[in-house]
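Remember, predicted model here, so these are calculated numbers, not experimental data. Hydrogens, waters and symmetry mates are skipped; everything else that's a heavy atom, side chains included, is used. Numbers here are sequence positions counted from 1.
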Amino acid sequence: MITYEYPFNERIRTYLRLENLFRRLLELVARDAALDHHYALACLFEVMDVGARADLKADVLRDLEKQKQILNGYRGNPSIAQGVLDEVLQQIEGCYAHLNSLSGKAGYALTENDWLMSIRSRIGIPGGTCAFDLPAYYAWQHEDAPRRRADLQGWIATLTPLADAIGLLLGLLRDSGVPQKVLAPAGQYQQALPQGRTFQLLRLSIDPGLGLIPEISGNRLIVSIRLMRLGEDDRLHASNQDATLDLTLCS
């Protein structure tokens, strides 16, 4: 199954973007090729760009505190495994403490590294990191893979508290939803959202064998899904095929 996610607000949209970037970054760092480590640096700078929002850290800390209060309300509930609850609360408190201990925005400490910033200023220019532009960077790319990886891991460590906190928050959010099977007749599906609840994330799972691609739109009142198919002309066309989907609304 392929799972698509649709955020209902800008905050969750930012969390999903950062989660995707962190996942890509760690995968690239684990490899040995200098080219992979070049793109790992590019990904690191993308994280810094997305994390430059002035209120991002405050949003994450506020969400962690909110989750802590919600989960504390389950203490003493006989249907809740108290050991698991304590473990999750401990994770939240750890993420909160580590993130709160960092000064400034995400990646602020890296902005004081002149060597890194010289690469950042040129990596967005087509061909801007050639040897004649950045000879020191060119020399670094010829270092042994373990040396380059150690450097990358040291730089990433300044962003790890943010990555851990966002990963935990998104995990809790995804676990809050209950999947339901829905039918999209002729490739179309709409659902009115229940009033009194604020949903933050929609998750949609589709059998890849169907060859269908969803176009999702939604707001606090309604969700609309249109199923598309990639045609021989390399364009998306509306599908009129009935399809069964797994839909999860997470709040």
Criterion salt bridge (charged side-chain N to carboxylate O under 4.0 Å, His left out) on Arg226 and Glu215, from CA distance to verdict: CA-CA 5 Å; Arg226 182 171 66 160; Glu215 287 189 350; 2.8 Å; yes
Verdict with supporting geometry, Arg147 and Asp151, salt bridge (charged side-chain N to carboxylate O under 4.0 Å, His left out): CA-CA 6 Å; Arg147 163 68 190 280; Asp151 288 339; 3.2 Å; yes
Evaluation steps, side-chain contact (heavy atoms from CB on, under 4.5 Å), between Leu245 and Lys181: CA-CA 6 Å; Leu245 316 171; Lys181 285 197 176 296; over 6 Å; no
Stepwise side-chain contact (heavy atoms from CB on, under 4.5 Å) test for Arg17 and Glu46: CA-CA 10 Å; Arg17 284 175 175 154; Glu46 286 188 67; over 6 Å; no
Verdict with supporting geometry, Glu19 and Arg174, salt bridge (charged side-chain N to carboxylate O under 4.0 Å, His left out): CA-CA 13 Å; Glu19 180 189 51; Arg174 290 172 179 131; 2.7 Å; yes
Intermediate values then yes/no, side-chain contact (heavy atoms from CB on, under 4.5 Å), Ser239 and Met228: CA-CA 5 Å; Ser239 169; Met228 311 293 287; over 6 Å; no
Derivation and outcome, side-chain contact (heavy atoms from CB on, under 4.5 Å), residues Tyr137 and Trp115: CA-CA 8 Å; Tyr137 178 51; Trp115 184 79; 4.1 Å; yes
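No option in Arg11, Lys57, Lys68 other than Arg11 meets the salt bridge (charged side-chain N to carboxylate O under 4.0 Å, His left out) test with Asp63. When the options Asn113, Thr111, Asp49 are evaluated for a side-chain hydrogen bond (donor to acceptor under 3.5 Å, both in side chains) with Arg120, the one that passes is Asp49. Put simply, the residue from Ile2, Ile206, Leu236 that forms a side chain to side chain contact (heavy atoms under 4.5 Å, CB included) with Ile213 is Leu236.
Grouping the Ile, Leu, Val, Met, Phe, Trp and Tyr side chains by contacts below 4.5 angstrom, directly or via other members, places Leu18 apart from Phe8. Note: the hydrophobic cluster containing Ile123 does not contain Tyr39 (ILVMFWY, side chain heavy atoms under 4.5 Å, direct or indirect links). In the hydrophobic cluster analysis, where Ile, Leu, Val, Met, Phe, Trp and Tyr join through side-chain heavy atoms closer than 4.5 angstrom, Phe45 is grouped apart from Tyr108. Cluster annotation: Ile119 is connected to Ile156 through the hydrophobic network of ILVMFWY side chains, with a link wherever side-chain heavy atoms come within less than 4.5 Å. Leu249 and Leu170 are assigned to two separate hydrophobic clusters, defined by single-linkage of ILVMFWY side chains at heavy-atom distances under 4.5 Å.
Atom CG of Asp59 sits about 11.0 Å away from atom CG of Leu64, to the nearest 0.5 Å. Considering OG1 of Thr158 and CG of Leu102, their distance stands at 8.0 Å, rounded to 0.5 Å. Rounded to the nearest 0.5 Å, atoms OG1 (Thr248) and CD (Glu5) are 9.5 Å apart. Here Arg13 contributes atom CZ and Leu201 contributes atom CG; the two are 11.0 Å apart, rounded to the nearest 0.5 Å. To the nearest 0.5 angstrom, Gln195 atom CD is 5.5 Å from Leu221 atom CG. Note: Leu183 CG to Tyr189 OH = 9.5 Å, rounded to the nearest 0.5 Å.
More than 12 non-hydrogen atoms from other residues, nucleotides or ligands lie less than 6.0 angstrom from CG of Asp233. A 6.0 Å sphere centred on NE2 of His237 holds more than 12 heavy atoms belonging to other residues, nucleotides or ligands. Gln90 CD: 12 or fewer foreign heavy atoms inside a 6.0 Å radius.
In this structure Arg31 satisfies the salt bridge (Lys or Arg N to Asp or Glu O under 4.0 Å) test together with Glu27, Asp36, sequence neighbours excluded.
Side-chain contact between Leu210 and Gln241 is present, with at least one heavy-atom pair separated by less than 4.5 Å. Here the side chains of Ile222 and Leu193 are not in contact, with every heavy-atom distance at 4.5 Å or above. Here the side chains of Pro161 and Asp164 are not in contact, with every heavy-atom distance at 4.5 Å or above. Two residues are said to be in side-chain contact when any heavy atoms from C-beta on lie closer than 4.5 Å; Val29 and Gln153 meet this criterion. Proximity of Val60 to Tyr96: side-chain heavy atoms (C-beta onward) are nowhere separated by under 4.5 Å. In this structure, Asp32 and Arg149 have side chains that are in contact, with non-hydrogen atoms separated by less than 4.5 Å. In this structure the side chain of Phe199 never reaches within 4.5 angstrom of the side chain of Val223, judged on heavy atoms. Side-chain contact between Leu159 and Phe22 is present, with at least one heavy-atom pair separated by less than 4.5 Å.
Contact detail for Leu28 and His37: the closest heavy-atom pair is O-CD2, 3.6 Å. Smallest separation of non-hydrogen atoms from Pro214 and Ile225: CB-CG2, 4.2 Å. When all heavy atoms of Asp133 and Gly127 are compared, the closest pair comes out as OD2-O, 3.8 Å.
Under the 3.5 Å distance criterion, the side-chain polar atoms of Ser176 are matched with a main-chain donor or acceptor of Ser251. His98 places a side-chain N or O within 3.5 Å of a backbone atom of Gly94 that can act as its donor or acceptor partner.
Ring-centre distance between Tyr6 and Tyr4: not below the 6.0 Å cut-off.
Side chains of Thr3 and Ser205: a donor on one and an acceptor on the other come within 3.5 Å.
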